[in-house]
Amino acid sequence: MRIVFMGTPDYAATALKALIEAGHQVVGVFTQPDKPKGRGGKVQEPPVKILAREHGIPVCQPRRIRTEGVEALKTLAPDLCVTAAFGQILSQEILDIPPLGTVNVHASLLPKYRGSSPVHWAIVEGESVTGITTMMTDAGIDTGDILLQAPLDIKPGETAGELTDRLAALGAGLLLKTLKAIGEGKCPRTPQDEQEMSYFPLLTRETGAIDWRQPASSIVNRIHGLNPWPSAFSPSPWGQMKLHRAEAAEGSGRPGQILVASPKEGLVVAAGEGAVRLTSIQAAGGRAMAPSDFLRGHPLPEGAEQMSGEA
RNA sequence: CGCGGGGUAGAGCAGUUCGGUAGCUCGUCGGGCUCAUAACCCGGAGGUCGAGGGUUCAAGUCCCUCCCCCGCAA
């Protein structure tokens, strides 16, 4: 079976690696173009591209696969396409090319958490269980028929990065299982229940802005759900500060009020309901560290008592 | 060549402007006080100041090169 793989980040590379190691015939890979990333504007290659090159698989990086990638895909003549966090929406014209269709490995239990960042949103929303769904891609966004699903518990305090890694491994396995079932012509197909569906938008930097008026649990979930990217942040007496990890704590006060700030007792901030104990923070220019470490060298400025730029 | 901050004891920082004995808080080790303690008091150990080169009587500090970490913007 000639397979064309479409994906971009590590999550996708894990699936591609599984395909290759299982002996599937991956005849081509589509991934996002190299983009200037990070400091100094150096271009970086997507993990999927790097992996594909190591295995001598042809790589195609159209800016818009819907227009520039059609001919290339036709030439590869795939029987089946597999997508995983590709980052581009496929047109009907693209979907019509592989006779067996296009299988997507989505990191949620569909129809919940449709959209491009299901892992992050599941944590932000405080879910305790998520999972992987393999599905037939159609013209909608994550709306196609469900093939196989596998649940996965979200650990307390788990970050999106950690959960993504575990889901990637789970997804790789489920993908192989799905392809096997398709190959044997006995893969179940279940339409999604539109009544149960939920959709979450693309993450932006602003998604990470902490609103201290929210309940402590929501703030904690947001911090973990946006770790490591795009990262939760808040102004503070020490300047803009990234918040990497936190937990609910005793205490109350005006939202954003700094209740505790000492090397001994750490950093506790009042929320709309309850309080949040920050356990990993990062100031501009510095690395991530525990508040007790940070506070040793950066005592709370005189008169400062709010998580804001004001003193 | 996108803008910018940083690398000094196990941890977090000051000291660099203007060269002249390596500092602070915490931890750690020993001792003391206390019914007791993450409290308090006394004492100690622990540093190639990111690397290399240069200037100088003298470099953490000034000059050149390089390595590493990070914030913003994309």
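Below, chain A is the first sequence line, B the second, and so on; all start at residue 1.
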Out of A:Thr133, A:Thr134, A:Thr190, which residue meets the side-chain hydrogen bond (donor to acceptor under 3.5 Å, both in side chains) rule with A:Gln149?
-> A:Thr133
Criterion salt bridge (Lys or Arg N to Asp or Glu O under 4.0 Å) on A:Lys180 and A:Glu184, from CA distance to verdict | CA-CA 6 Å; A:Lys180 185 163 181 285; A:Glu184 294 166 353; 3.3 Å; yes
Sequence neighbours excluded, every pair satisfying salt bridge (Lys or Arg N to Asp or Glu O under 4.0 Å) that has a member inside residues 192-205 of chain A |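 Sorted result for residues 192-205 of chain A: A:Lys112-A:Glu196, A:Arg114-A:Glu194.
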Any pair counted as salt bridge (Lys or Arg N to Asp or Glu O under 4.0 Å), so long as it reaches residues 217-226 of chain A, sequence neighbours left out = none
Students should find that the hydrophobic cluster of A:Met6, defined by side-chain heavy atoms under 4.5 Å apart, otherwise consists of A:Val4, A:Val27, A:Phe30, A:Ile65, A:Val70, A:Leu73, A:Leu76, A:Phe86, A:Leu90, A:Ile94, A:Leu95, A:Ile97
Is a side-chain donor or acceptor of A:Gln282 paired with a backbone partner of A:Gly286 at a separation under 3.5 angstrom?
-> yes
Using atom types as modelled and distance alone, determine if a side-chain donor or acceptor of A:Asp145 lies under 3.5 Å from a backbone N or O of A:Met136.
->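 Between the backbone of A:Met136 and the side chain of A:Asp145 there is no qualifying donor-acceptor contact (under 3.5 Å).
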Is [X] touching bases, backbone alone, or none of the nucleic acid, heavy atoms closer than 4.0 Å?
X	answer
A:Gly41	base
A:Pro36	base
A:Gly38	base
A:Lys35	nothing

[M] and [N], which share atom name [atom1], separated by this distance in whole Å:
N	M	atom1	value
B:U55	B:G19	C1'	12 Å
B:U8	B:U48	P	11 Å
B:U28	B:C64	C1'	40 Å
B:U25	B:C72	C1'	30 Å
B:C18	B:G2	P	30 Å
B:A38	B:A22	C1'	29 Å
B:G43	B:G7	C1'	32 Å
B:G15	B:G53	C1'	25 Å

I need the [atom1]-[atom2] distance between [X] and [N], as an integer number of Å.
X	N	atom1	atom2	value
A:Gln240	B:G5	CD	P	17 Å
A:Lys37	B:G2	NZ	P	17 Å
A:Leu295	B:C13	CG	P	11 Å
A:Glu206	B:C72	CD	C1'	14 Å
A:Phe233	B:C70	CZ	C1'	17 Å
A:Trp238	B:C70	CH2	P	22 Å
A:Met289	B:G6	CE	P	14 Å
A:Ile281	B:G71	CD1	P	14 Å

Derivation and outcome, side-chain contact (heavy atoms from CB on, under 4.5 Å), residues A:Arg245 and A:His224 = CA-CA 6 Å; A:Arg245 287 178 191 270; A:His224 291 149; 3.9 Å; yes
Contact list (N/O, under 3.5 angstrom) for nucleotides 15-17 of chain B vs protein:
none

A:Lys42 side chain N/O closer than 4.0 Å to the phosphate oxygens (OP1, OP2) of B:C1?
-> no
Check: protein-nucleotides 7-11 of chain B nitrogen or oxygen pairs below 3.5 Å:
from, atom 1, to, atom 2, distance (Å)
B:A11, O2', A:Asp293, OD1, 3.1
B:A11, O2', A:Asp293, OD2, 3.4
B:A11, N3, A:Arg296, NE, 3.3

Which atom pairs, donor and acceptor, lie under 3.5 Å between side-chain atoms of residues 49-57 of chain A and protein residues at least two apart or in another chain?
from, atom 1, to, atom 2, distance (Å)
A:Lys49, NZ, A:Asp34, OD1, 3.3
A:Lys49, NZ, A:Asp34, OD2, 2.8
A:Lys49, NZ, A:Glu45, OE2, 3.4
A:Lys49, NZ, A:Gln61, OE1, 3.1
A:Arg53, NH1, A:Glu45, OE1, 3.2
A:Arg53, NH1, A:Glu45, OE2, 3.2
A:Arg53, NH2, A:Glu45, OE1, 2.8

Verify the neighbour count for atom CD of A:Glu250: are there more than 12 heavy atoms of other residues, nucleotides or ligands below 6.0 Å?
->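 Result for CD/A:Glu250: open.
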Near A:Glu273 CD, under 6.0 Å, is it more than 12 heavy atoms from other residues, nucleotides or ligands?
-> no
Minimum-distance nucleotide (side-chain atoms of A:Gln282 versus B:C13, B:C26, B:G71) =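 For A:Gln282, the side-chain atoms sit closest to B:G71.
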Which nucleotide in the set B:A74, B:G2, B:C13 lies at the smallest distance from any side-chain heavy atom of A:Arg205?
-> B:A74
Given the options A:Trp121, A:Tyr199, A:Phe200, A:Tyr113 meets ring-ring contact (aromatic ring centres under 6.0 Å, His included) only with A:Phe200
Across all strands, who's sitting opposite [N] as a Watson-Crick or G-U wobble pair, both distances under 3.5 Å?
N	answer
B:U16	none
B:U55	none
B:U48	none
B:C72	B:G2

By nearest nucleotide on RNA chain B, pick out whichever of A:Gly297 and A:Pro263 is the more 5' one.
->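 The answer here is A:Gly297.
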Do the side chain of A:Arg39 and the base of B:G2 come within less than 3.5 angstrom through a donor-acceptor pair of N or O atoms?
-> no
